[in-house]
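We name chains A, B, ... by the order of the sequence lines, and we start the count at 1 in each one.
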Amino acid sequence: MLEAHDLMVFYENMIALNNISIKCDESQIVGIFGANSAGKSTLMYSLSGIMLDIRKKELMAGGERITLRGEVIFQSQNIMNLKPSLRAKAGIVLCPERRRLFKESSVLENLRIGGYLATKAQAKHTLEYVMEVYPALQKLKNRLGGFLSGGEQQMVAIGRALMAQPKVLLLDEPLLGLSPLMQATLIKSTKAIQKEKKISIIIAEQYARPVFPIVDYAYILENGAAVMEGTREELMNNPDVKSAYFGVS
Amino acid sequence: MEILVYGTINSVSLALMGLGFAMVYGISRVPNFAHGALYIVCGFVTWTLFHKIGLPYFISIILSLCVNGVLGILMYRFVLIRVRGMNISEIIASYAIGLAILEGFRFGGFRGMTYTLPVFMEGSLMIGSVPVDFHRLIMMVIGILLVAGLWVFTHHTRIGLALQGMAQDERAALMLGIDSDFMAMLAMGFGAVLAGVAATLILPLGNIVVESGYHVLIMSIAVCIVGGLGSWTGAFFAAFIIGYAQILTVVFIGSHFQMVVALLAIILTLILKPSGLFGQQKELEERV
Ligand SMILES: Nc1ncnc2c1ncn2[C@@H]1O[C@H](COP(=O)(O)OP(=O)(O)OP(=O)(O)O)[C@@H](O)[C@H]1O
Ligand SMILES: [Mg+2]
């Protein structure tokens, strides 16, 4: 459904993604694991097209030169040059690193801004759904985005992305800075969302352990290259993966 | 009492002038230096439609507001879109457009004190011991309705919410399918219409002269810098601070110093609190 072929990204002369090919099928949850600066966010930005915006802004401000190579295929069309807003419309929605809530808007407004692409009926329906998946948000509806805890912010961020009616939801480090309990709750709800909405989800995380139980397939990134990949079972039984990604988390 | 009444009126007119500028900057981060020119365009277009072509006053106003909106959109679509994000070029390009428009009018013969628009309603009213004409009262009422209307628009409509999202975090908005160039274009259109609304309300109180285009630009920049660039609430409060300060200067020092107050406010703000009255959030972010 969503695929990347031989993706390469350079920031000036530094290579951030080195010939990466990944694939996410219909109704799959795919994990992307890697340490800090492995290139997870760069990959997420390339899939969602935000990279084009970053490149444009850098060009405008006279900043660094960013080069993109390779293909991104969505529903068997090459969307490498499609604007990020149109990719979102096509169904690729990114829930970014550090959440990026609209801090001066209330939780409800954040969600309604997320519903920009939705029809009235879809927005109403999804709003109810988000409140059902994250009942904690019910009481916080009118709280400003800037005054939420990390876990609450993450729920709003995922909810806001759902409002955009994704077919593929990209989650960039959704567990960053959350307590183990909160992590477990979020992961459980992520699985529930995938099942009930019948969407595909790609999750990028540093630590594989909390996410691993729900992924169908996973890639392991190191220095911008995919060094390993496989189904959950394959990776779980691989001794290298065990020591590198499950030993210390 | 005089100070209170005229201070409020002056503040509302400053807020009207600055509103469009603040909106465009808040959403697209383009400081629209053609704002004053758009204000004057609306004045002269209304004048032409009303006096030369002979359309009814109300129709002339509505038509020239539409002209302004289209002008704003075209300005963005054909010029500013290429420079958005290039800080200096944004200012140069928009100022060049503004200059061309204003000096174009001057060149085209729109000079002198002969260009006036009628007030909406003749007569006046006593507030305490101060006489206030109806037009100024209407201006206040419309000003307040406009702010309320904008609030409802930005909090309760799809486009308004999207504009708010983009104003706060353009890239996050982009991830949700909100096309930033389209929104910036809309914002320019709205900003131009707001400049026109300000012109429609304020110009009947005096003559339409090219110079006031520059004056309006400086006042809107003052209001926005003092209030904190990008903050609409800030701009609104700043309009009241500068508005009252100006009236106080007029009463106690002399009317020549009105402009000095605005410039002084800009300089003081830049020295004491560069992010403006309501710029705390941004200040925090810069520190992080
Ligand atoms: N805008 C940029 N300009 C230059 N280099 C960048 C830029 N963004 C990322 N990089 C570099 O690209 C590499 C990959 O960064 P990326 O943000 O994709 O990593 P990540 O896996 O998301 O890391 P983290 O876990 O810290 O979020 C890093 O070495 C980083 O320094
Ligand atoms: Mg990252």
State, to 0.1 Å, how close [X] and [Y] come at their nearest heavy-atom pair, and which atoms those are.
{"X": "B:Met175", "Y": "A:Ala88", "value": "O-CB, 3.7 Å"}
{"X": "B:Gly165", "Y": "A:Phe102", "value": "O-CE2, 3.2 Å"}
{"X": "A:Met60", "Y": "B:Ile81", "value": "CE-O, 4.0 Å"}

Of B:Ser180, B:Ala173, B:Gly177, B:Gly85, the largest count of non-hydrogen pairs under 4.5 angstrom with chain A goes to B:Gly177
Within-4.5 Å side-chain heavy-atom neighbours: [X] and [Y]:
{"X": "A:Tyr116", "Y": "B:Ile178", "answer": "yes"}
{"X": "A:Ile50", "Y": "B:Leu174", "answer": "yes"}
{"X": "B:His156", "Y": "A:Arg112", "answer": "yes"}
{"X": "A:Lys57", "Y": "B:Arg171", "answer": "yes"}

Please check if atom [atom1] in [X] has more than 12 non-hydrogen atoms from other residues, nucleotides or ligands closer than 6.0 Å.
{"X": "B:Arg77", "atom1": "CZ", "value": "no"}
{"X": "A:Glu128", "atom1": "CD", "value": "yes"}
{"X": "B:Phe237", "atom1": "CZ", "value": "no"}
{"X": "B:Glu103", "atom1": "CD", "value": "yes"}
{"X": "B:Ile88", "atom1": "CD1", "value": "no"}
{"X": "A:Lys197", "atom1": "NZ", "value": "yes"}

Can you measure from [atom1] ([X]) to [atom2] ([Y]) and round to the nearest 0.5 angstrom?
{"X": "B:Trp232", "Y": "A:Glu104", "atom1": "CH2", "atom2": "CD", "result": "11.5 Å"}
{"X": "A:Lys89", "Y": "B:Leu176", "atom1": "NZ", "atom2": "CG", "result": "14.5 Å"}
{"X": "B:Gln168", "Y": "A:Lys103", "atom1": "CD", "atom2": "NZ", "result": "9.0 Å"}
{"X": "B:Asp179", "Y": "A:Lys83", "atom1": "CG", "atom2": "NZ", "result": "3.5 Å"}

Practice problem: Start with the C-alpha gap between A:Lys56 and B:Asp181, add the side-chain angles, then the distance that decides, and say whether salt bridge (charged side-chain N to carboxylate O under 4.0 Å, His left out) holds. | Solution: CA-CA 12 Å; A:Lys56 188 170 99 188; B:Asp181 272 326; 3.3 Å; yes
Let me know if [X] has heavy atoms under 4.5 Å from chain B in its side chain, its backbone, both or neither.
{"X": "A:Ser105", "result": "both"}
{"X": "A:Arg160", "result": "both"}
{"X": "A:Ile54", "result": "both"}

Scored by heavy-atom pairs under 4.5 Å with chain B, the best of A:Val93, A:Ile92, A:Leu59, A:Leu117 is A:Leu117
Among A:Leu86, A:Leu170, A:Leu94, the residue with the most heavy-atom pairs under 4.5 Å to chain B is A:Leu94
Turns out that what part of B:Asp169 lies under 4.5 Å from chain A's heavy atoms comes down to both
